[in-house]
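All heavy atoms count here, side chains included; hydrogens, waters and symmetry mates do not. All ligand and atom numbering here is 1-based and tracks the order in the structure.
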Amino acid sequence: MAILDIFRPSLRNYRGLLLLQCARLFGVPLVAAHIGLSSLGRSTALSSLARVVIYTASVPLFAAGRGLLDDWRQRRAARSMGAVLVPRVEGKWPGNIDVMLFILAEFETGYVLQSFKTLLDQYGVKTLNLRLLWSDLIITMDSGHIKYMLTDGFSSWIKGEQFIRAYESFLGGGIFNRDGHVWKEQRALARPFFARDRVRDFQIFERHATAMLAALRNAPLPPGAKSPLVRAVDMQDLVGRFTMDSAVEFLFGAELNTLGKPLPVAGKAQIGKKGSKSDDEFGSFVQAFEAAQLRAVERVNERWMWPLKELFGDHSRIATEAIDAFVQPIIEAAIAEDRERRDRDETLDMETATMLQYFVSVTSDKKMIRDQLISYMMAGRDTTGSLLTFTMYLLALHPHVFRTVQEEIRSACPVDSIPSFETIRSMPYLRAVLNESLRLFAPVPIDQRGTTAAGSVLPPTNPGDRPLYVPPHTDMYYLLLHLQRDPDTWGSTSLEFDPDRWINEEKLKPFLANPMIFLPFNAGPRICLGQQLAYNQASFFLVRLLQNVSSLELSPEFIPAGAEVPQNWKTQPGRVGLEQVWPKTAVIIYVKGGLWVRMRLNDEV
Ligand code: HEM
């Protein structure tokens, strides 16, 4: 069928892609049936009904035949490489439709990514082919296989066309959405900007941390509060505003001030798309950004079917237009400013430049600048927000850890003093708390790669195992959430929140023996560029908050209707039974309905 690939449409032309897929699925069998029937000649007495049956049956028969041929090819290729096929799920219904329905239902009503763990456990493996709708889809929580994909086997594992097409209208050619030499050039271009810890980044954090503390102080007293110093807030919403405002200033040098807008009110908030619904959706840019991002995620989940849904219109068009309406004038202004700087013969000061100023100084391609900035916005905002949300959740669940980290913070950085890079470096327990939160609730709990046209062979990870053959153009989901909670590598306490794990020599042994069991920022050539920035920002936020707050507890009574933790979780083993909130994922892990907490302010913040 490679001949049809000659007509492969451009990345944005999803209707063209749909046409190509239809030609494959229906066109080829129908044409074959037509040729077959014509060759029988007019003399053969076939009723019209029989002809209709033959035409109709040709499509599933052709699909089944192609499946068998694929299977045979895969086994032959695996054998020739001394490998075996990845174990396959054997569902009850054709195409594993029952398995697909189970995954979809669990996605809505279950614990985050638990359906995948259930299937892996059921088959007693760490890498499994779900083989949904006759098409290979591999899931893995095997540290050896993930390591191979991200590092040694990097060249045969890419983001892949399916992922790129789904994100094209939102991210365009940004760093997240390209493979090969285009990605490589973008990475080389951006790296100098992340080379050191800049004083200006800390100034940005401080400005927005101050706004965060003011928002907290101005929040209304929660119903039934016994002291005027108590506040109840959706922490997920608060950190989301902090990271949004910081990101927009860091990237564009613009002021968004979502922290100045009204917060969701405890006891009155309703459930929103992810967390709690905000009365003020922060204006069209943030709203549009969320909408475009969400649609891209849905497209990835809908796999090859999403173009069908958007046959009569691009569902992210309105959102991307609103994003561009916000971003384009800022880019134009930056270009004009850069021209003036050059006229004055001044060099750009990398210590104080925004990312936009930096990009404008190295390229004049406006589309490329737009695409990069949107990618960085997506990369840096929700991820750090998620880290902070789950850190606060875990601190609320573990008061002794809250007290220990607060003591460290207050002795290294007394109330009202502003942390610097050096102060943050001098707080090993704070870093351990962040790492432990990243381990249990990886902000990117599931990620994706696909094989190139060459396919790949995953090396054996246990003595006696055989290498696993992965055919060309096969998607693989790697489950960082389960990798980082695996008792086989982390030991019997793997599900417990224990920051000492990162300090105590004995407890640190599993990680030192195999650092690939902790990959919240991935590894290899595509490792996160913003890792240090994220640690700095999250540490800064926690220092400023814990300087000013004396206690923290969960407030389940404020969880909006529809987001309560399911009753039947309490009796379940593992983290499911421990959880007091409902973690879910839409690329980034979040708390359904928001993280509602009560805090007591020191006195006057
Ligand atoms: C806790 C916070 C963060 C976490 C957990 C995180 C995690 C990740 C992960 C897992 C990837 C790999 C994605 C993939 O290749 O599929 C990634 C890539 C990336 N991250 Fe982060 N990230 C965080 C914060 C940031 C920040 C603050 C920035 C910058 C503003 C950033 C910039 C990037 C970029 C540019 C890439 C793409 C690198 C490439 O494709 O070469 N990240 N991050």
Next item on the list: With sequence neighbours left out, write down each residue that passes ring-ring contact (aromatic ring centres under 6.0 Å, His included) with His482, or none if nothing qualifies.
Entry: none
Next item on the list: Could you tell me which atoms of ligand 1, counted from 1 in the order shown, lie closer than 4.0 angstrom to a heavy atom of Pro520?
Entry: 5 (C), 7 (C), 10 (C)
Next item on the list: Examine distances only and state if a side-chain atom of Gln484 and a backbone atom of Leu519 form a donor-acceptor pair shorter than 3.5 Å.
Entry: yes
Margin query: Measuring centre to centre across the rings, with the benzene-like ring taken for any Trp, is Tyr148 within less than 6.0 Å of Phe154?
Written below: no
Note to self: At less than 4.0 angstrom from any non-hydrogen atom of Tyr376, what atoms of ligand 1 do you find?
What the structure shows: 35 (C)
Check: What is the nearest protein non-hydrogen atom to atom 32 (C) of ligand 1, stated with its residue, atom name and distance?
Finding: Ala379 CB, 3.5 Å
Notebook entry, point to check: Does even one non-hydrogen atom of Gln531 get within less than 4.0 Å of ligand 1?
Noted result: no
Check: Hey, is Met355 one of the residues with a heavy atom under 4.0 angstrom from ligand 1?
Finding: no
Notebook entry, point to check: Closest non-hydrogen protein atom to atom 27 (C) of ligand 1, residue and atom name please, with distance?
Noted result: Gly380 CA, 3.5 Å
Check: Would you call Glu206 and Arg544 a salt bridge, using N to O less than 4.0 angstrom?
Finding: yes
Item checked: Proximity winner for atom 40 (O) of ligand 1, if only heavy atoms of Arg526, Met378, Arg191 are counted -> Arg526
Check: Just checking, any donor-acceptor pair under 3.5 angstrom between side chains of Ser246 and His208?
Finding: no
Notebook entry, point to check: So, Phe176 versus Trp183, ring centres under 6.0 angstrom or not?
Noted result: no
Next item on the list: Give the atoms of ligand 1, by number and element, whose distance to some non-hydrogen atom of Asn522 is under 4.0 Å.
Entry: 10 (C), 12 (C), 13 (C), 14 (C), 15 (O)
Check: Centre of Tyr535's six-membered ring, under 6.0 Å away, within 45 degrees of the axis: is that where NZ or CZ of Arg431 sits?
Finding: yes
Check: Considering residues at least two apart in sequence or located in another chain, which fulfil the salt bridge (charged side-chain N to carboxylate O under 4.0 Å, His left out) criterion with Glu302?
Finding: Arg295, Lys309
Next item on the list: Could you find the nearest protein heavy atom to atom 4 (C) of ligand 1 and give me its residue, atom name and distance?
Entry: Phe521 CE2, 3.4 Å
Checklist line | Protein heavy-atom partner closest to atom 38 (C) of ligand 1 - residue, atom, separation in Å | finding: Arg187 NH1, 3.3 Å
Item checked: Check against ring pair (Phe, Tyr, Trp, His ring centres under 6.0 Å), Trp502 and Phe518 -> CA-CA 11 Å; Trp502 298 95; Phe518 178 66; 4.6 Å; yes
Check: What residue and heavy atom of the protein are closest to atom 16 (O) of ligand 1, and at what distance?
Finding: Asp447 OD2, 2.8 Å
Notebook entry, point to check: Below 3.5 angstrom, do we get any N/O pair linking Arg449 and ligand 1?
Noted result: yes
Item checked: Enumerated ligand 1 atoms positioned under 4.0 Å from heavy atoms of Phe194 -> 29 (C)
Checklist line | Interfacing atoms of ligand 1 (cut-off 4.0 Å, heavy-atom, Ala534) | finding: 1 (C), 2 (C), 24 (C)
Margin query: Check contact between Tyr535 and ligand 1, using heavy atoms of the residue and a distance below 4.0 angstrom.
Written below: no
Checklist line | Heavy-atom nearest neighbour of atom 19 (C) of ligand 1 within options Gly530, Cys528, Ala442, Ser375 | finding: Cys528
Item checked: Structural part of Thr384 in contact with ligand 1, heavy atom criterion under 4.0 angstrom -> both
Margin query: Determine whether the aromatic ring centres of residues Phe194 and Tyr358 are separated by less than 6.0 angstrom.
Written below: no
Check: Please state which protein non-hydrogen atom is closest to atom 23 (C) of ligand 1 and give its distance, to 0.1 Å?
Finding: Thr383 OG1, 3.4 Å
Item checked: Sidechain N-carboxylate O distance under 4.0 Å for Arg526, Asp179 -> yes
